[in-house]
Every structure is written in structure tokens, then in C-alpha cells.
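The figures that follow rest on heavy atoms only: side chains count, while hydrogens, waters and symmetry mates do not.
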Amino acid sequence: MKNAETPVFKLVILGGLSSLGSALIAELLKRQHEVIAVVDELNARAPRPGLHFKIGGLNTTDQAEQSVAGGSAVVCLLPALAPDDFATQLRMSQALIASLSRTTIRRLLLVGDFSVLDHSEGHSEQQRTCAEQIVDLLQRSHLQWTLVNAPQEIAGLSIEHFRKTQGTLEPGLAEPLQQLARIAAAMVDTLELNLHQGEHLNFVF
């Protein structure tokens, strides 16, 4: 049960069909927030209380603006990219940040491959440049932003997996599933408690 002090979000989530996205949606619904998941197509999306789907993306600023419309906060899970394609991560971030400047939405959690900001070993100069440009865009915006390093993706996980993270699970799945669930809970805490604004985070459990 929520109390009067618990903020209720209408959260727009981009990239919600990833494993972390599924964990986030499950956690948000458990805490009785309303979730709008932005997807490429609506086929075979199971309806459930508090969860809505809409078509959208980050190909242009106009498309991004339409995608986030109606939300009070945004979590964007940038897709995993090829090592030489970090310009796409930059382009999508530019479209999202520009679109939010046209709305009343100010809270943004941006999740992506930003580990290059922690250490340069094993990363290209292009990756560092793109990540630094994203940080610069955020710092020059009026957004209340938090930058989050994406955890390792686990293929094939759905919301149903995260509704029960204990008990009978596929061999080897329990530990990564529980870790993703803890990361999702920490991200929702960050939203609810207004933590880590203007910070770059790496959740480790």
C-alpha cells in the first residue's frame, strides 16, 4: 500500500522490452506506478493493470516528443550497439533530450553503455567522445537527469520472470535475475526519492 508521501509516477519507459526493462516494469507495477512502454509494434503485447503500450522511438525529435507525451518522468534504456556504432547512441540521446525540452517532463534516467566515463581501457576514442557529448547535452539542459551504466543484458527475460525471482528457475538464472531485480529496485528508489540528480551511476550488487 502507498502512503500519502509516496510519489506516484506515470513513467514512460523506452527500451522496456529488454531484460532490465522487464525488471523495471515489474518493479514499477509492484509499487503501483503507471507505466507507458514505448515499443516498435503492438502485436502480442499482453495487457495488464497499470501498463500501457504505445508506438514510438527516438529516430527524430518529433517522434521522441510524441513517445514521451503524457508522462511525468522518463527512463530510457538505450539499445546495446556494435562497438563502432556509438554515434547512434549519441543521436538517440540528442533526439530525446531535445524532445524533453519541449515538454514539462524534467526527470530522466538515461541508461546506456557509459562505462567509458569510468575507465578508458578497452574503449575507443569515438565511444569516449560520444559519451562525453551526451553528458554535455545533459548538463546544458534543464533536466533533472541521472546517467546509469547498463548492466549485462540477459536474453529472453520477460516481466513474468521478475514477478517471482525466488523458487523454481532455469539453471543458472536465479543469480542474474535477482541482480537485475535489485538494480531495477535501486533505479525506482532513485526516482521516488529524487536521488542522484546530475550524477553518473554504476549499480553493483
Side-chain angles (χ1 to χ4, degrees), residues 9-29 33-48 50-114 126-127 129-131 133-138 140-159 162 180 183-184 187-188 191:
F9 289 97
K10 181 179 284 188
L11 189 102
V12 176
I13 181 166
L14 297 112
L17 300 184
S18 64
S19 57
L20 178 58
S22 295
L24 269 170
I25 291 172
E27 183 67 24
L28 287 160
L29 294 178
H33 295 293
E34 187 174 349
V35 182
I36 303 170
V38 179
V39 296
D40 294 329
E41 49 84 22
L42 295 176
N43 292 335
R45 305 291 178 225
R48 63 185 70 228
L51 175 60
H52 313 279
F53 293 98
K54 67 187 294 189
I55 298 284
L58 299 175
N59 293 316
T60 66
T61 300
D62 288 341
Q63 184 188 44
E65 183 182 7
Q66 293 169 3
S67 298
V68 302
S72 57
V74 173
V75 174
C76 177
L77 310 174
L78 294 168
L81 301 169
D84 59 348
D85 194 23
F86 289 98
T88 298
Q89 183 168 266
L90 173 59
R91 178 182 55 77
M92 296 173 79
S93 300
Q94 287 172 324
L96 176 61
I97 294 166
S99 74
L100 291 173
S101 70
R102 302 176 179 178
T103 75
T104 59
I105 302 170
R106 291 294 173 262
R107 193 67 173 106
L108 169 65
L109 266 62
L110 184 61
V111 184
D113 192 350
F114 300 117
Q126 183 204 31
Q127 186 177 358
T129 299
C130 289
Q133 287 179 311
I134 291 171
V135 172
D136 183 61
L137 287 168
L138 290 168
R140 289 191 287 111
S141 74
H142 297 294
L143 299 175
Q144 301 164 4
W145 58 270
T146 304
L147 202 66
V148 181
N149 286 355
Q152 184 175 356
E153 181 71 10
I154 303 170
L157 296 184
S158 68
I159 299 170
F162 293 98
L180 281 174
I183 291 172
M187 290 175 65
V188 179
L191 284 169

In short, E41 meets N43 closest at the heavy-atom pair OE1-N, 2.7 Å
Q: Using distance alone, with no hydrogens and no angle criterion, decide if E34 and H52 have a side-chain donor and acceptor under 3.5 Å apart.
A: yes
Closest heavy-atom pair, I105 versus V68, reported as atoms and distance to 0.1 Å, is CD1-O, 3.3 Å
Any side-chain heavy-atom pair of R107 and T146 under 4.5 Å: yes
* **Side-chain heavy-atom pair L90, L137 within 4.5 angstrom cut-off** => yes
query = Does a side-chain heavy-atom distance below 4.5 Å link V75 with L28?
reply = no
Taken to the nearest 0.5 Å, the spacing of R48 CZ from F53 CZ works out to 7.5 Å
Interatomic distance, OG1@T60 vs CZ@R91, rounded to 0.5 Å, equals 9.5 Å
Residues G56 and D40: closest non-hydrogen pair is O-OD1, 4.0 Å
Tightest non-hydrogen contact, residues R102 and E65, listed as NH1-OE1, 2.8 Å
d(M92 CE, Q63 CD) to nearest 0.5 Å is 9.0 Å
The reported gap from OG in S101 to CZ in R106 (rounded to nearest 0.5 angstrom) is 7.5 Å
CG of L14 to OG of S67, rounded to nearest 0.5 Å, is 6.0 Å
CD (Q133) and OG1 (T129) are apart, to the nearest 0.5 Å, by 6.5 Å
Find out whether Q127 and D113 are in side-chain contact, i.e. whether some heavy atom of one side chain is under 4.5 Å from a heavy atom of the other. yes
Heavy-atom check, side chain of L108 versus side chain of L96, under 4.5 Å: yes
ask   = Hey, does L77 have a side-chain heavy atom less than 4.5 Å from the side chain of L24?
value = yes
For A64 and L58 the tightest heavy-atom approach is CB-CD2, 3.7 Å
(Q) Within the structure provided, determine whether L157 and F162 are in side-chain contact (heavy-atom separation under 4.5 Å). (A) yes
State whether the number of non-hydrogen atoms from other residues, nucleotides or ligands found under 6.0 Å of K10 atom NZ is greater than 12.
no
H33 and L11: CA distance, side-chain angles, deciding distance, side chain to side chain contact (heavy atoms under 4.5 Å, CB included) verdict:
CA-CA 7 Å; H33 295 293; L11 189 102; 5.7 Å; no
**Prompt:** With a 4.5 Å limit on heavy-atom distance, are the side chains of W145 and I134 in contact?
**Reply:** no
Scanning both residues in full, the closest heavy-atom pair of L20 with E153 reads N-OE1, 4.2 Å
